[in-house]
Amino acid sequence: MLTTSHWQVLRLHAERLSAVRLRDLVGSDPARAGEYSLRVGPIYASFARQHLDARARTALFALVQAAGLPAAVRALFDGAQVNASEHRPALHTALRGTLGQGAAARDAHALAAAARLRMDALEQALLDSPVTDIVNVGIGGSDLGPRLAVDALKDFHTGRFRVHFLTNVDGSAAQHLLRGLDPARTAAILVSKSFGTQETLLNGAILRDWLGGSERLYAVSANVARAEAFGIAPGRVLPMWDWVGGRYSLWSAVGFALQLAIGREGFAGLLAGAAELDAHVLDSAPEHNLAVWHALVGVWNRNGLGHASQAVLPYDERLALLPAYLQQLVMESLGKSVRNDGTHVLAATVPVLWGGAGTNAQHSFFQALHQGTDPVPADFIGVVRAAHAHDANHRALLSNLLAQAQALANGAESADAQKRYPGDRPSSLLLLDELTPESLGALLALYEHSVYLQSVLWGINAFDQWGVELGKQIAGELLPAVSDASVHVQDPVTRALLREIHSRR
């Protein structure tokens, strides 16, 4: 585990570099663009515009051995109890490959393979039915991953099923979605590990009533008994396991809606792309390991340079939902202030992650990125080969991608202070050869591994999320008071707000 001295070293390097302009770091080293880039399968990554030099980079890579990152990666794959607070492994890598050693990893992969056979059988049954529309009902990890992938891979949809998502407990979402669907040609998948998620059960009940019964309800859950009590036959319940967290579960039966959209071959391609990145992370030396680079840059920006925010900027409309997906993956995994041993962390952890798709975002929040008081490190993501024939549009998109990263880093001087661009805004740039199931799988696996490695560096648990439980508990306690004005509530502000709500009903 890292100590205070490790973080002090990073801050000293940051202080040393504070007087060095990023454009000078880049311009003074002709070899920098090559030395700070890596190619892994369909991904080319450039870290040349991160505000660090060779000495700072050496200090960062010294953390790899000090924190035991190679052993931690091996432990993840092999099924060690890396989720310390819940005494569980985190075997999402076993859903897509056989790189883990030992019984836990082998058993997990066998269970995943058996689940995919069941997914194939249920897919075939739906193909043989009159169903044309699928509604995926879930929230958090049961929604964000499948929703992102269905949207990102729309060029690979088979055309047999239209896939929709219902997530928010707000009844307006269900009302507006169902208006455009035919209950005679619709099936729904309820995704909840416990089958006790309030939002999913409430929306599921709406679907069950609207469909006129549960014949076309499917479930993905670890609790078959609860799903059966809801009216879903066990044969239509696909498994989930406690060794896969929701935000890491796209690769499991949680991705059933995605398989229905892109077919089993497409889903297999997604898994293969992730497995290729897994092999790279497991087998590559740290200096040539893309996930290690990405994680160390994240730690450098947070703990060396002190940046409290991180932007994700995909320059491809199909990846517009990526920032929302990564908000959960990154902020739920790394939003911790207590280490695995119960002590307080020695360094700041997760930055606030946000973003949007270019070029729309340029006309939204890029003003703050360029001239705001607080630099915001960014991940730019581009796709080299488009999936359409509108070449002029794609050339413009790529030119904007390259221009924004350059402008943020280099800035521009002006005699007019209002038109001065300070520059020194660091960014990484990830280029996909094209957006396919394989490249999307590799991209998402890269972020998964980067998050895990950052958690090891900070000594925290990337696989629990106790922070989300308190609000849910209080909501359950307040539900009777929302329904009945006579129910007493202890908190005075909440009590006043409830009076206002009831007075306006």
Side-chain angles (χ1 to χ4, degrees), residues 1-2 67-97 99-100 102 104-105 107-109 111-112 138-145 191-194 197 220-222 239-255 274 277-278 281-282 291-292 294-295 298-299 325-345 349-351 353 444-470 472:
M1 190 175 290
L2 301 185
L69 291 193
V73 171
R74 185 77 260 177
L76 174 75
F77 278 84
D78 291 350
Q81 289 190 358
V82 293
N83 183 348
S85 73
E86 297 178 298
H87 311 292
R88 296 171 180 167
L91 279 166
H92 46 280
T93 55
L95 299 172
R96 57 206 190 208
L99 296 170
D107 291 347
H109 183 73
L111 289 170
I139 196 165
S142 299
D143 167 78
L144 288 164
V191 186
S192 170
K193 182 182 291 186
S194 65
T197 308
V220 183
S221 180
M240 295 177 75
W241 307 280
D242 63 8
W243 39 265
V244 177
R247 56 193 178 276
Y248 299 91
S249 66
L250 171 64
W251 327 98
S252 71
V254 170
L277 201 286
D278 289 342
V281 172
L282 187 60
V292 171
H294 194 272
V299 165
Y325 167 82
L326 290 177
Q327 280 180 336
Q328 186 196 25
L329 176 64
V330 175
M331 296 176 72
E332 194 164 86
S333 298
L334 300 179
K336 316 291 169 59
S337 56
V338 175
R339 297 192 293 180
N340 288 322
D341 63 2
T343 61
H344 198 273
V345 294
T349 58
V350 67
L353 188 144
L444 300 187
L446 166 62
Y447 276 101
E448 285 183 349
H449 286 298
S450 176
V451 162
Y452 173 60
L453 293 172
Q454 289 176 71
S455 78
V456 176
L457 290 164
W458 285 322
I460 60 178
N461 185 351
F463 304 109
D464 62 8
Q465 58 276 338
W466 297 109
V468 306
E469 297 302 321
L470 178 60
K472 292 195 292 185

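What you see below is based on every heavy atom in this structure, not just the backbone, and it leaves out hydrogens, waters and symmetry mates. Here the structure is a predicted model, which means the values were calculated and not measured.
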Participant: Please examine the side chains of Trp243 and Leu111, heavy atoms only from C-beta on, and report whether any two atoms are closer than 4.5 Å.
Facilitator: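 Counting from C-beta outward, Leu111 and Trp243 do come under 4.5 Å.
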Participant: For the atom pair CD (Gln454) and NE2 (His294), what is the distance rounded to the nearest 0.5 Å?
Facilitator: 7.5 Å
Participant: Might you point out which heavy atoms bring Gly335 and Val350 nearest each other, and give the distance in Å?
Facilitator: CA-CG1, 3.4 Å
Participant: Calculate, to the nearest 0.5 Å, the distance between atoms CE and NZ belonging to Met240 and Lys193 respectively.
Facilitator: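 Taking CE in Met240 and NZ in Lys193, the distance rounds to 5.5 Å.
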Participant: Hey, does His92 have a side-chain heavy atom less than 4.5 Å from the side chain of Leu76?
Facilitator: yes
Participant: Compare all side-chain heavy atoms of Leu91 with those of Trp241 and state whether any distance is below 4.5 angstrom.
Facilitator: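 Contact flag for Leu91/Trp241 side chains = no.
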Participant: What are the two closest non-hydrogen atoms of Ala295 and Leu453, and how far apart are they?
Facilitator: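 Shortest heavy-atom separation between Ala295 and Leu453 comes out as CB-CB, 3.7 Å.
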Participant: Using modelled atom types only, decide if a donor and an acceptor are shared between the side chain of Ser333 and the backbone of Leu329 within a distance under 3.5 Å.
Facilitator: yes
Participant: Which heavy atom of Ser142 sits nearest to which heavy atom of Val254, and what is that distance?
Facilitator: CA-CG1, 4.1 Å
Participant: Distance check, rounded to the nearest 0.5 Å: Arg247 atom CZ versus Met331 atom CE?
Facilitator: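 Here the interatomic distance stands at 12.5 Å.
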Participant: When you measure from the side chain of Asp341 to the backbone N and O of Thr343, does any donor-acceptor pair fall under 3.5 Å?
Facilitator: yes
Participant: I need the minimum non-hydrogen distance between Asp464 and Ser85, along with the two atoms involved.
Facilitator: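 Shortest heavy-atom contact: OD2-OG, 2.6 Å.
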Participant: Has Ser221 got a side-chain atom pairing as donor or acceptor with Ser192's backbone, closer than 3.5 angstrom?
Facilitator: yes
Participant: What are the two closest heavy atoms between Ala94 and Ala105, and how far apart are they?
Facilitator: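 Heavy-atom minimum between the residues: CB-O, 3.9 Å.
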Participant: Treating Ser455 as the side-chain partner and Tyr452 as the backbone partner, does any N or O pair qualify as donor plus acceptor under 3.5 Å?
Facilitator: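 Yes; judged by distance alone, with no hydrogens or angles, the pair exists.
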Participant: Taking Val345's backbone N and O only, do any of them form a donor-acceptor pair with Lys336's side chain (distance below 3.5 Å, no angle check)?
Facilitator: no
Participant: With rounding to the nearest 0.5 Å, note down the distance linking CG in Leu250 to CZ in Arg96.
Facilitator: 9.0 Å
Participant: With side chains defined as the heavy atoms from C-beta onward, is the minimum distance between His449 and Asp278 less than 4.5 Å?
Facilitator: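 Touching, per the 4.5 Å side-chain cut-off.
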Participant: To the nearest 0.5 Å, tell me how far Phe77 CZ sits from Thr93 OG1.
Facilitator: 4.5 Å
Participant: Output the distance between atom CG (Leu470) and atom NZ (Lys472), rounded to the nearest 0.5 Å.
Facilitator: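 So the gap between those two atoms works out to 11.0 Å.
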Participant: Within the 4.5 Å heavy-atom criterion, are Leu334 and Ile460 side-chain neighbours or not?
Facilitator: yes
Participant: Taking all non-hydrogen atoms of both residues into account, name the closest pair between Asp143 and Gly138 and its distance.
Facilitator: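 Shortest heavy-atom separation between Asp143 and Gly138 comes out as CB-O, 3.5 Å.
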Participant: Is the ring pair Tyr248/Phe463 parallel, tilted or perpendicular, if the boundaries are 30 and 60 degrees?
Facilitator: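 Tyr248 vs Phe463 ring planes: tilted.
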